[in-house]
Amino acid sequence: MRAILYICHGSRVKSGQQAALAFFEKTMKTGTAAIQEACFLELAEPSIAKGVANCIERGATEIVALPFLLLRAGHANLDIPAELQHVMTKYPTIPLYYGDPIGVDERMVDVLIERLQEQEEAIPCDAEILLVGRGSSDPATKQDFTAIKRIFQEKTGLQQVRVGYLAACGPSFEEELERILDNRPAELYILPYLLFTGILLKTIERTLKNLDTTTAVHLCNELGYDPAIHAILIERANEAAERKCGLDVPYYA
């Protein structure tokens, strides 16, 4: 019997943990697999070890482990596979297949645009947009985010779109925000490319609270639950099950 194990990063912010679990709860109602469990890499419970144990206690004979992360970087490439490999030594007869994170997907950009339009349905064509990513030391993350920016511009027709990162690479969110505000635009829309609230979103909020500017600054909501994201997750789970790529294959290296 197949189990899907959704693995989220985790957050010290309780509302972020609750949002992730609420998302998983909605996803699990689809009946994609007889057994579905959710867990966290760190900072929250249940752990990956507990998530795997729950799957097996419910009768799983194979597990599809799915990193619920936006882009492939250190957590998806190394941290989660390493922890899974350690945990699965206790269950040598249970095959585990490792899936992809969400990655660059046009449907995610559609969700991003929805979050922008929640602020104002008709965004001025000369408005400044700052896309904010988590950031990573992995060069692939910046390449993927550049692709997301390009798709966003193609879909919206907006030209004044910049990117800033919250950690591990540049330009930083603060640096890019300062550059934009130096030009004193009338409107600035800040779009966090983050799944849920957490420490990183709180960092953005604190920075904006201390601004001294005449620019109208609009902070859009995080991505949150959306049927499109749900559909992508199900696709990633099905792809992993069909590919049957285990942790002993350097697929994620």
Side-chain angles (χ1 to χ4, degrees), residues 9 11-20 22-23 69-71 102 104-136 141-229 232:
H9 177 267
S11 172
R12 292 186 180 89
V13 178
K14 190 172 182 180
S15 57
Q17 298 175 25
Q18 292 170 338
F23 188 106
L69 302 171
L70 289 169
L71 300 172
I102 291 172
V104 178
D105 191 296
E106 191 171 313
R107 290 166 292 181
M108 293 299 296
V109 179
D110 291 337
V111 176
L112 201 58
I113 294 170
E114 286 177 17
R115 298 297 169 264
L116 176 62
Q117 292 174 338
E118 287 170 354
Q119 295 291 319
E120 189 173 346
E121 190 169 344
I123 303 298
C125 61
D126 60 346
E128 289 274 359
I129 310 293
L130 178 53
L131 298 180
V132 185
R134 183 184 190 92
S136 169
T141 299
K142 291 188 71 171
Q143 293 170 8
D144 287 348
F145 213 66
T146 299
I148 289 166
K149 174 188 170 185
R150 175 183 53 77
I151 297 169
F152 177 86
Q153 288 185 285
E154 290 172 355
K155 282 179 166 284
T156 62
L158 297 169
Q159 296 304 311
Q160 305 302 318
V161 181
R162 303 196 193 199
V163 169
Y165 297 96
L166 293 165
C169 63
S172 72
F173 161 66
E174 292 84 357
E175 290 169 344
E176 206 59 27
L177 177 64
E178 185 176 345
R179 288 192 191 101
I180 294 171
L181 294 179
D182 281 347
N183 294 325
R184 299 182 180 179
E187 307 272 351
L188 169 60
Y189 295 84
I190 296 176
L191 267 170
Y193 199 69
L194 303 171
L195 283 166
F196 309 113
T197 188
I199 294 294
L200 295 177
L201 191 59
K202 298 296 183 186
T203 299
I204 296 174
E205 291 171 350
R206 282 196 302 272
T207 300
L208 298 184
K209 188 176 180 180
N210 295 323
L211 286 180
D212 181 13
T213 179
T214 57
T215 297
V217 180
H218 311 275
L219 176 59
C220 303
N221 291 326
E222 68 276 12
L223 297 167
Y225 178 82
D226 190 278
I229 304 178
I232 295 168

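Computed over heavy atoms, backbone and side chain alike; hydrogens, waters and symmetry mates excluded.
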S.K.: If I take atom CG from residue L211 and atom CD from residue E178, how far apart are they, to the nearest 0.5 angstrom?
M.R.: 10.0 Å

S.K.: Let me know which of Q119, Q160, E128, E120 forms a side-chain hydrogen bond (donor to acceptor under 3.5 Å, both in side chains) with Y189.
M.R.: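 With Y189 as partner, Q119, Q160, E128, E120 yield a single side-chain hydrogen bond (donor to acceptor under 3.5 Å, both in side chains), made by E120.
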
S.K.: With rounding to the nearest 0.5 Å, note down the distance linking CG in L130 to CG in L191.
M.R.: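 Those atoms lie 8.5 Å apart.
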
S.K.: Going from CD1 on I190 to CG on L116, what distance comes out if it is rounded to the nearest 0.5 angstrom?
M.R.: 12.0 Å

S.K.: Run the side-chain donor-acceptor check on residues 161-171: report pairs under 3.5 Å with partners two or more places apart or on a different chain.
M.R.:
none

S.K.: Output, in order, the C-alpha distance, side-chain angles, deciding distance and verdict of side chain to side chain contact (heavy atoms under 4.5 Å, CB included) for M108 and L70.
M.R.: CA-CA 9 Å; M108 293 299 296; L70 289 169; 3.6 Å; yes

S.K.: Atom CG in D144, atom CG in D105: separation rounded to 0.5 Å?
M.R.: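 It is 11.5 Å, given to the nearest 0.5 Å.
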
S.K.: Looking at L201 and P192, what are the two nearest heavy atoms and their distance?
M.R.: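 L201 and P192 have their closest heavy atoms at CD1-CG, 3.8 Å.
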
S.K.: What is the distance from atom NE2 of H218 to atom CG of L208, rounded to the nearest 0.5 Å?
M.R.: 11.5 Å

S.K.: Scan residues 209-226 for pairs that pass salt bridge (charged side-chain N to carboxylate O under 4.0 Å, His left out), counting only residues two or more places apart or in two chains.
M.R.: R115-D226

S.K.: Got a donor-acceptor contact below 3.5 angstrom from the T141 side chain to the G135 backbone?
M.R.: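 Side chain of T141 to backbone of G135, a donor-acceptor pair under 3.5 Å: no, none is there.
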
S.K.: Take atom CD in Q117; do more than 12 heavy atoms of anything else shown fall under 6.0 Å from it?
M.R.: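 Atom CD in Q117 is packed in, count exceeds 12.
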
S.K.: Before giving the answer on side chain to side chain contact (heavy atoms under 4.5 Å, CB included), spell out for V132 and L177 the whole-Å C-alpha distance, their side-chain angles and the decisive distance to 0.1 Å.
M.R.: CA-CA 10 Å; V132 185; L177 177 64; over 6 Å; no

S.K.: With a 4.5 Å heavy-atom cut-off, do T215 and I180 have their side chains touching?
M.R.: no

S.K.: Given 3.5 Å as the limit, does a donor-acceptor pair link the side chain of N183 with the main chain of P185, or not?
M.R.: no

S.K.: Looking only at non-hydrogen atoms, find the nearest pair between I148 and L71 and report the distance.
M.R.: CD1-CD2, 4.1 Å

S.K.: Measuring from E205:CD to N210:CG, what's the distance to the nearest 0.5 Å?
M.R.: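 Output value for this atom pair is 12.0 Å.
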
S.K.: Taking it one step at a time, do T156 and I129 satisfy side chain to side chain contact (heavy atoms under 4.5 Å, CB included)?
M.R.: CA-CA 11 Å; T156 62; I129 310 293; over 6 Å; no

